[in-house]
Amino acid sequence: MTPVQAATIPLLMSCKDVAAEAVTGSGKTLAFIVPLLEILLKHQRESPWKKTEIGAIVISPTRELATQTSIVLKSFLEHPDLSIFTQKLLVGGNSVEEDINSLRNRGALVLICTPGRLEDLLERKGQLNLAARVKSLEILILDEADRLLDLGFTATINTILSYLPRQRRTGLFSATQTKEVMDLMRAGLRNPVVVSVREKASFSCRVCSFWVFL
């Protein structure tokens, strides 16, 4: 595992909220995909998921990043033990009506989305009632949180958080810890463990250090 994976995976799997600062290319996607799937599997063993329930949401700042995350997740869901899980990519540029019909007819346990599309669907009361489906949420991931805020999604993220259950695990991943990211941590995470990873490749060796603040 990379340092960010070694630091964050055990924390998320032990019911901790985590705010991780790690540079691009450090393995952040697997750092949240792996515990996300483990959490969903644990719930499945104890109480099988219903088609109308949403267990996990990953919010990305751009359509391209959300699509990349969806591709990574898809490769895991091809495994026989995980093939019962479904995902839905919700991003701008796709038909809202098609998204609604897909969720209504087939459901999706994991949503990979951009904030604007998710907010839009949460606030549509009659056609889908997505707000009711997310009450079963086990884990929320805010990917590239610093970019989410740089792109002006602060109000949108706060609206989304107002729909989600407080009893959930939350992972916040960012390349930098700005004041705005710290404000989002206080609003969206409960007593988070803050993980800061510094990593530099040098020939065949990886020189790294990380700190975990409880």
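What you are looking at is a predicted structure, and each value in this text was computed from that prediction instead of being measured.
- Smallest separation of non-hydrogen atoms from D143 and P61: O-CD, 3.4 Å.
- Listed for the E53 side chain is no donor-acceptor partner under 3.5 Å among the backbone atoms of L109.
- At least one side-chain heavy atom of I59 sits less than 4.5 Å from a side-chain heavy atom of I57.
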Going through the checks in order, is the side-chain hydrogen bond (donor to acceptor under 3.5 Å, both in side chains) test met by T170 and R168?
CA-CA 6 Å; T170 304; R168 65 172 191 270; 2.9 Å; yes

Begin with the C-alpha distance, continue with both residues' side-chain angles, and end with the deciding distance and a verdict on side-chain contact (heavy atoms from CB on, under 4.5 Å) for Q68 and V72.
CA-CA 6 Å; Q68 291 171 18; V72 174; 5.8 Å; no

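- I71 and F85 sit in two unconnected hydrophobic clusters of ILVMFWY residues. Membership requires side-chain heavy atoms under 4.5 Å apart, directly or through other members.
- Going from atom CD1 of I157 over to atom CG of L140 covers 8.0 Å, rounded to the nearest 0.5 Å.
- Put simply, L128 and V96 are part of the same group of oily side chains (I, L, V, M, F, W, Y) that touch within less than 4.5 Å, one to the next.
- Expressed to the nearest 0.5 Å, how far CG of D120 lies from SG of C113 amounts to 12.0 Å.
- A distance of 10.5 Å separates CZ of F76 from CG of L36, quoted to the nearest 0.5 Å.
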Going through the checks in order, is the side-chain contact (heavy atoms from CB on, under 4.5 Å) test met by V193 and T8?
CA-CA 9 Å; V193 179; T8 60; over 6 Å; no

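- Using a distance-only test at 3.5 Å, with no hydrogens or angles considered, a donor-acceptor pair links the side chain of W49 to the main chain of L40.
- Not a single donor-acceptor pair under 3.5 Å links the side chain of K74 to the backbone N or O of T69.
- The minimum heavy-atom distance between E21 and T176, with the atom names listed, is OE2-CA, 3.8 Å.
- Listed for the E119 side chain is no donor-acceptor partner under 3.5 Å among the backbone atoms of G116.
- In this structure the side chain of L111 never reaches within 4.5 angstrom of the side chain of L89, judged on heavy atoms.
- For the pair E138 and K42, the salt-bridge criterion is not met [side-chain N within less than 4.0 Å of a carboxylate O].
- For the residue pair T178/D146, the side-chain donor-acceptor check at 3.5 Å is not satisfied.
- Salt-bridge annotation for R147 and D150: absent, with no side-chain N of the basic residue lying under 4.0 Å from a carboxylate O of the acidic one.
- Within 6.0 Å of CG on N191 lie no more than 12 heavy atoms contributed by other residues, nucleotides or ligands.
- A distance-only check finds no donor-acceptor pair linking the side chain of K88 to the backbone of I112 [under 3.5 Å].
- In this structure a side-chain-to-backbone donor-acceptor pair under 3.5 Å is present from D17 to R190.
- The side-chain heavy atoms of L11 and I9, taken from C-beta on, include no pair separated by under 4.5 Å.
- Checked by atom type, the side-chain pair E180/T154 shows no donor-acceptor distance below 3.5 Å.
- When every heavy atom of A145 is checked against every heavy atom of L184, the shortest pair comes out as CB-CD2, 4.4 Å.
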Go through it in stages, so that I can follow the logic: the residues are V18 and L172, the test is side-chain contact (heavy atoms from CB on, under 4.5 Å), and I'd like the CA-CA distance, side-chain angles, deciding distance and then a yes or no.
CA-CA 6 Å; V18 177; L172 182 152; over 6 Å; no

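- Evaluated for a side-chain contact (heavy atoms from CB on, under 4.5 Å) with L151, the options T62, T114, T156 yield exactly one hit, T62.
- In terms of hydrophobic clustering, with Ile, Leu, Val, Met, Phe, Trp and Tyr side chains grouped at heavy-atom distances under 4.5 Å, V194 and L149 are assigned to a common cluster.
- Side-chain atoms of R133 come within 3.5 Å of backbone N or O of L103 as a donor-acceptor pair.
- In this structure, R117 pairs ionically with D99, as a charged nitrogen and a carboxylate oxygen lie closer than 4.0 Å.
- Side-chain contact between E64 and T67 is absent, with no heavy-atom pair separated by less than 4.5 Å.
- In this structure, CG in L118 is found 6.5 Å from CG in L130, a value given to the nearest 0.5 Å.
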Derivation and outcome, side-chain hydrogen bond (donor to acceptor under 3.5 Å, both in side chains), residues E144 and S174:
CA-CA 5 Å; E144 301 286 356; S174 66; over 6 Å; no

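- When every heavy atom of G188 is checked against every heavy atom of L161, the shortest pair comes out as CA-CD1, 3.9 Å.
- Formation of a donor-acceptor pair under 3.5 Å by the H79 side chain with backbone atoms of S83 is not found in this model.
- In this structure, R169 and M13 approach most closely via the heavy-atom pair NH1-O, 3.9 Å.
- In this structure, the separation between CG on L77 and CD1 on I33 is 8.5 Å, given to the nearest 0.5 Å.
- Put simply, CG on D81 and CD on Q44 are 11.0 Å apart, with the number rounded to the nearest 0.5 Å.
- Side chain of S70 to main chain of A66: no donor-acceptor pair is present (N/O by atom type, distance under 3.5 Å, no hydrogens or angles).
- Under a cut-off of 6.0 angstrom, the local environment of NZ in K125 is crowded, with over 12 non-hydrogen atoms contributed by other residues, nucleotides or ligands.
- Residue S102 is tested with R106, R104, E98 for a side chain to side chain donor-acceptor pair (under 3.5 Å); the sole match is R106.
- By the criterion of side-chain heavy atoms lying less than 4.5 angstrom apart, applied directly or through intervening Ile, Leu, Val, Met, Phe, Trp or Tyr residues, L148 is not grouped with L65; the two fall into different hydrophobic clusters.
- Contact detail for A20 and V4: the closest heavy-atom pair is CB-CG2, 4.4 Å.
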